[in-house]
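This report concerns only the one structure given below.
Numbering of residues begins at 1 and proceeds along the displayed sequence. Each ligand, and each atom within it, is numbered from 1 in the order the structure gives. Keep in mind that what you see is a predicted model, and the values were worked out from it rather than measured.
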Amino acid sequence: MALVPEKGTHDGAAGEAVREAVARARAAQSSWAALSYAQRAARLKKAGRYLASHIDEITETIHRENGKLRMDALAAELLPAVLAFSYYSKRGRKFLAPRKLRGGSLLMFNKQSILVKKPWGVVGIISPWNYPFAIPFSEAVMALLAGNAVILKTASVTPGAGRAIAGIFGAADLPEGLFTHVEIPGAKAGPAFISGGVDKLFFTGSTATGKEIMALAASRLLPLVLELGGADAAIIRGDADLDRAALGVLWSGFSNAGQSCGGAQRILVHRDVYRPFLEKLCALVRNFRAGEGEDSDFGPMTTVKQKEAVEKQIAACLAMGAKIAAQSAAPGPGVSFPAERFIPATVLTDLGPETPLMTDEIFGPVVGVCPVQDDDEALRIANSSSYGLTGSVWSKDRRRAREIAARMNAGAVMVNDHLMSHGLAETPWGGFGDSGLGKTHGEAGFAEMLKTTVVVDDALPGTRRNLWWHPYSEEVFRGIRAAAVFAAASPLSKKLRAVPTLLKIFFRYWKKE
Ligand code: NAD
């Protein structure tokens, strides 16, 4: 592991650490990529076994370091990580397999095309503190199975999660230097990774940092995947199961102390069920137990800085006329985390379109509930955000709910659920607009770990030339024009009229000229 001290680091130390790690990774990657998929998966198996036997220890590390409850660490970090490891190990071979393309036109019958997938080389991963383990772990698994080397930087407040991941891959049979966890300050990470020579960068974090990284990456045209913030809408229809909807909003909005990029934030409720839904949600929130043990519902914020940022956002909402409809109580005695890291779970109402909760991401346990007239108004408000990460539709009419879901401007929309698709290894994850670019997870996420070369070849052996090659002549010109007419014209009778002219040049394939 390359260690660079947070304090006293001179500008070049982070860059030097990444450059060194990239050089070692590049040396290791060529032999790793030369192995068959089965060999790579077999060598990584020990990592899976190590993970399985260290679940409790890693859960505890995440709990102590991030503050999230052990339950949240288990359900939303360890379990998805185990599922991802198993899914990608089994399915990666298929995702990597070369694929023959179906011909696009009869006219091009002599060409066959095959897509060949190759690793990028050295992949950089920069990850946030809110899911410090599951996010980088599943990305690293995909990257390694695909034949890449990995340089990982976890957030500076959660280095233990990165060390845990290094421990897991350290247990596998990997070439020296193939995986490196670097501990460098966030502010230095962008320039360090981009000038350090990684071949592709996967960044998960805030929209502001994502934009900075994109600007830096432009200098090298470095390929990026950016998984950024969100301000998700949940649409509660008049026919929804309100108990389930309230529980679902509670879990996705407030678990992990509300520090989930894909948590419900803007709750848009059909007018006829607004009051009963709000009452149910508020009753749940008033009973929501802050603490740290297994009988608590949510824990402290990860940092005092983040708690203060959320407090400021709530104050800004209140200053614009928002009202607090319900709040949870402070934690009881005997909690070992500092009291100033706790913030009550909060439900806000009376929100206008310009209220910060409706326009910005609030990265804490705060949701806003707004009445809407109908599905169209709900969709208009949902889609008015600059973010487009995830969303949800709550309704007993599942067909209608799926139609509305498909019209939401978000990368993942759940029906009668929210946020949980991040834990499904098979579903792509990644948003639009200020929520970022590209995908992680699923086949689409695995594809981001690969670059594709298309190999185009003749279907017939022994042809001398293409129809459109030199020498040009009036006859060749007319023949190619006939080909265009054949491809474009309808009905069939018009197409057929072009055939005799086309046939005049057809034998050029084999003719000596
Ligand atoms: P952040 O942008 O401050 O930091 C993310 C990572 O980038 C950390 O490792 C940090 O050390 C590093 N970093 C900080 N400044 C950097 C810079 N200038 N160049 C390069 N790296 C830098 O974000 P955060 O506060 O750690 O995370 C919270 C944000 O992440 C929220 O906005 C949340 O929505 C988002 N997030 C998104 C997803 C997703 O899948 N879309 C998942 C989790 C979190």
Inset, instruction - Using distance alone, determine whether Tyr131 and ligand 1 share an N or O pair under 3.5 Å. - result: no
Inset, instruction - Answer with yes or no after comparing the ring centroid distance for Tyr50 and His54 against a 6.0 Å cut-off, counting only values under it. - result: yes
Legend entry - Closest candidate by heavy atom, reference atom 30 (O) of ligand 1, pool Gly230, Gly205, Gly436, Gly430: Gly205
Only pairs under 3.5 Å count here: list side-chain donor-acceptor contacts from residues 228-237, not counting sequence neighbours, and write none if there are none.
unit_1	atom_1	unit_2	atom_2	d
Asp232	OD1	Thr390	N	3.2
Asp232	OD2	Thr390	OG1	2.2
Asp232	OD2	His418	NE2	3.1
Arg237	NE	Asp375	OD1	3.0
Arg237	NE	Asp375	OD2	3.3
Arg237	NH1	Ser395	OG	3.2
Arg237	NH2	Asp375	OD2	3.1

Inset, instruction - Ignoring angles and geometry beyond distance, decide whether Glu361 reaches within less than 3.5 Å of ligand 1 through its nitrogen or oxygen atoms. - result: yes
Inset, instruction - Considering only protein heavy atoms, determine whether one is less than 4.0 Å from atom 4 (O) of ligand 1. - result: no
Inset, instruction - Looking only at distances, please establish whether an N/O atom of ligand 1 is found under 3.5 Å from an N/O atom of Thr209. - result: yes
Inset, instruction - Could you say whether the N/O atoms of Thr204 and ligand 1 ever approach to under 3.5 Å? - result: no
Inset, instruction - Before signing off on this row, confirm whether Ser127 and ligand 1 have an N or O atom pair separated by under 3.5 Å. - result: yes
Inset, instruction - Please name all residues satisfying salt bridge (Lys or Arg N to Asp or Glu O under 4.0 Å) with Glu403, sequence neighbours left out, ordered by chain then number. - result: Arg400
Legend entry - Part of Asn130 within contact of ligand 1 (heavy atoms, under 4.0 Å): side chain
Inset, instruction - Return yes or no for this condition: an N or O of Gly190 is under 3.5 Å from an N or O of ligand 1. - result: yes
Legend entry - Contact (N/O only, under 3.5 Å) between His422 and ligand 1: no
